[in-house]
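Keep in mind the model is a prediction, meaning the values are calculated, not measured. In what follows, chains are A, B, ... by sequence order, proteins preceding strands, each numbered from 1.
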Number of protein chains: 2
Amino acid sequence: DLVAAAVQILAPSPQLLANKQVVITAGPTREPLDPVRYLSNRSSGKMGYALASAAAAAGASVTLVSGPTQLTTPAGVDRIDVNTATEMLDACQRVSAKADIFIGCAAISDYRAAAVATEKMKKSEDSDALSLTLVKNPDVIATIAKTYPQLFCVGFAAETQHLKDYAQRKLKDKNLQLIIANDVAGNKAFDQDQNSVTAYWHEGEKVFPEQPKRQLADGLIALISQLFNHAN
Amino acid sequence: DLVAAAVQILAPSPQLLANKQVVITAGPTREPLDPVRYLSNRSSGKMGYALASAAAAAGASVTLVSGPTQLTTPAGVDRIDVNTATEMLDACQRVSAKADIFIGCAAISDYRAAAVATEKMKKSEDSDALSLTLVKNPDVIATIAKTYPQLFCVGFAAETQHLKDYAQRKLKDKNLQLIIANDVAGNKAFDQDQNSVTAYWHEGEKVFPEQPKRQLADGLIALISQLFNHAN
């Protein structure tokens with residue numbers, strides 16, 4: 001009847017993630033070379049913040065572990081600010097013990113300086129070249145997936161080539177439940193308000209065509225909650 | 001009399017740089033390593049943008065050559081956006097031919113990658129270390145001072161130690177008329193709204209105590225116009 005139909009239309013959207021604890025990482029990391037200089041990448045954090053907003057709207061209790069961004073914390077989201085990959089891992093380890101879902105959307109530097117200079121490095125007068133030794137950072141999402149095997153772990157793969165191949169390899173190698181592949185060739189995706197991605201899981205894949213990041217986040221959260229409920 | 005006093009109080013501040021062309025660089029540069037990663041530094045651009053605003057308020061025609069920042073272009077200022085040191089030098093060379101004053105406030109990367117990868121670099125499975133070869137960037141302000149010897153050139157020296165010594169050496173080595181020394185030890189200055197600096201020129205020095213960057217910019221523009229008028 002009409003009243004029932006109206007009630008259904010006016011009802012709030014289903015709380016897909018009610019009572020769920022979700023940890024989301026976002027933004028780049030910054031790896032200092034000295035007190036002034038750093039190594040970073042072009043992630044703006046927009047996709048991760050959109051996911052935090054969408055997860056909170058879906059009823060989840062959300063902790064956002066964020067590298068340096070210029071973005072405002074979404075309403076109802078707890079935010080922890082970090083700079084480096086090491087700091088991001090520490091924060092994620094702390095907050096993931098009671099989490100149900102971990103979404104690693106941050107663009108974490110693969111490498112950091114082998115030694116951070118305590119004073120600003122001076123230009124050498126003698127040589128035009130400088131050799132910088134970098135060492136591998138910890139793999140945050142692989143470490144979290146290993147530490148908390150009960151967690152439903154969602155990764156992101158931002159690649160400029162061999163997107164499907166690299167994404168599916170990461171899904172398997174890092175023991176994730178889902179990976180979102182992001183084509184960043186030709187300045188796509190970075191700092192844009194729109195994006196298109198392909199999601200790969202062990203039994204399937206789904207293409208999300210070009211759309212605003214907040215709308216894309218709603219679609220990804222719907223897929224994540226569907227796969228999470230199927231797995232639990 | 002009272003009327004004359006009121007007129008004096010209500011009069012606009014003296015147009016110290018009326019009919020003068022001023023070029024100001026601001027912000028960091030970003031030196032790409034590949035399509036995703038870059039080398040940069042912690043400059044927010046706030047001091048350079050405050051100087052552009054203060055110079056425009058003093059009646060100058062201002063061109064702001066800006067690295068990537070999150071700041072709004074000050075009213076009445078022409079802005080050229082660049083990413084790398086090489087792009088910044090090109091833009092400065094173009095706009096400095098007719099300029100009277102050049103203020104190099106940007107924190108320009110001293111080094112860039114010897115080779116920029118066209119695809120996103122993959123983590124090596126074999127090795128935990130990575131050696132990155134950097135080469136020296138052009139020295140923007142020294143090149144501008146040499147190309148346009150008639151320009152009144154103002155540099156900035158951001159240092160964590162030996163501030164006076166390094167600043168005075170830069171003043172002399174780069175053929176500048178004035179250098180503003182900025183102590184950036186212990187997270188001071190970067191992305192802050194307040195700053196304290198010391199200005200050194202060939203015949204003197206002046207300390208500017210801790211104050212809002214826009215107020216500090218007014219003081220620096222007053223000093224620059226005073227020294228510029230003395231020299232011309």
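- Put simply, the side chain of A:N41 reaches to within 4.5 Å of the side chain of B:V36, judged on heavy atoms.
- Closest approach of A:T160 to B:E119, counting heavy atoms only: OG1-OE1, 2.6 Å.
- Put simply, the side chain of B:L39 reaches to within 4.5 Å of the side chain of A:L33, judged on heavy atoms.
- Heavy atoms of A:A114 lying under 4.5 Å from chain B are absent altogether.
- Counting only N and O atoms by type, the side chains of A:S131 and B:T133 include no donor and acceptor under 3.5 Å apart.
- Nearest heavy-atom pair across B:L130 and A:Y111 is CB-CE2, 3.7 Å.
- With a 4.5 Å cut-off on non-hydrogen atoms, B:Q70 touches chain A through its side chain but not through its backbone.
- Considering all non-hydrogen atoms of both residues, B:R37 and A:D110 come closest at NH2-OD2, 2.5 Å.
- Atom CZ in B:R30 sits 7.5 Å away from atom CZ in A:R42 (nearest 0.5 Å).
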(Q) For a side chain to side chain contact (heavy atoms under 4.5 Å, CB included) check, start with the C-alpha distance between B:K122 and A:E159, then their side-chain angles and the critical distance, and finish with the verdict. (A) CA-CA 9 Å; B:K122 300 299 290 177; A:E159 304 291 350; 2.9 Å; yes
**Q.** Stepwise side chain to side chain contact (heavy atoms under 4.5 Å, CB included) test for B:L134 and A:L132
**A.** CA-CA 7 Å; B:L134 305 178; A:L132 200 63; 4.1 Å; yes
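- When B:P32, B:A158, B:S109, B:P68 are compared by the number of non-hydrogen pairs under 4.5 Å with chain A, B:A158 comes out ahead.
- In this structure, A:K136 contributes its side chain and B:A129 its backbone to no donor-acceptor pair below 3.5 Å.
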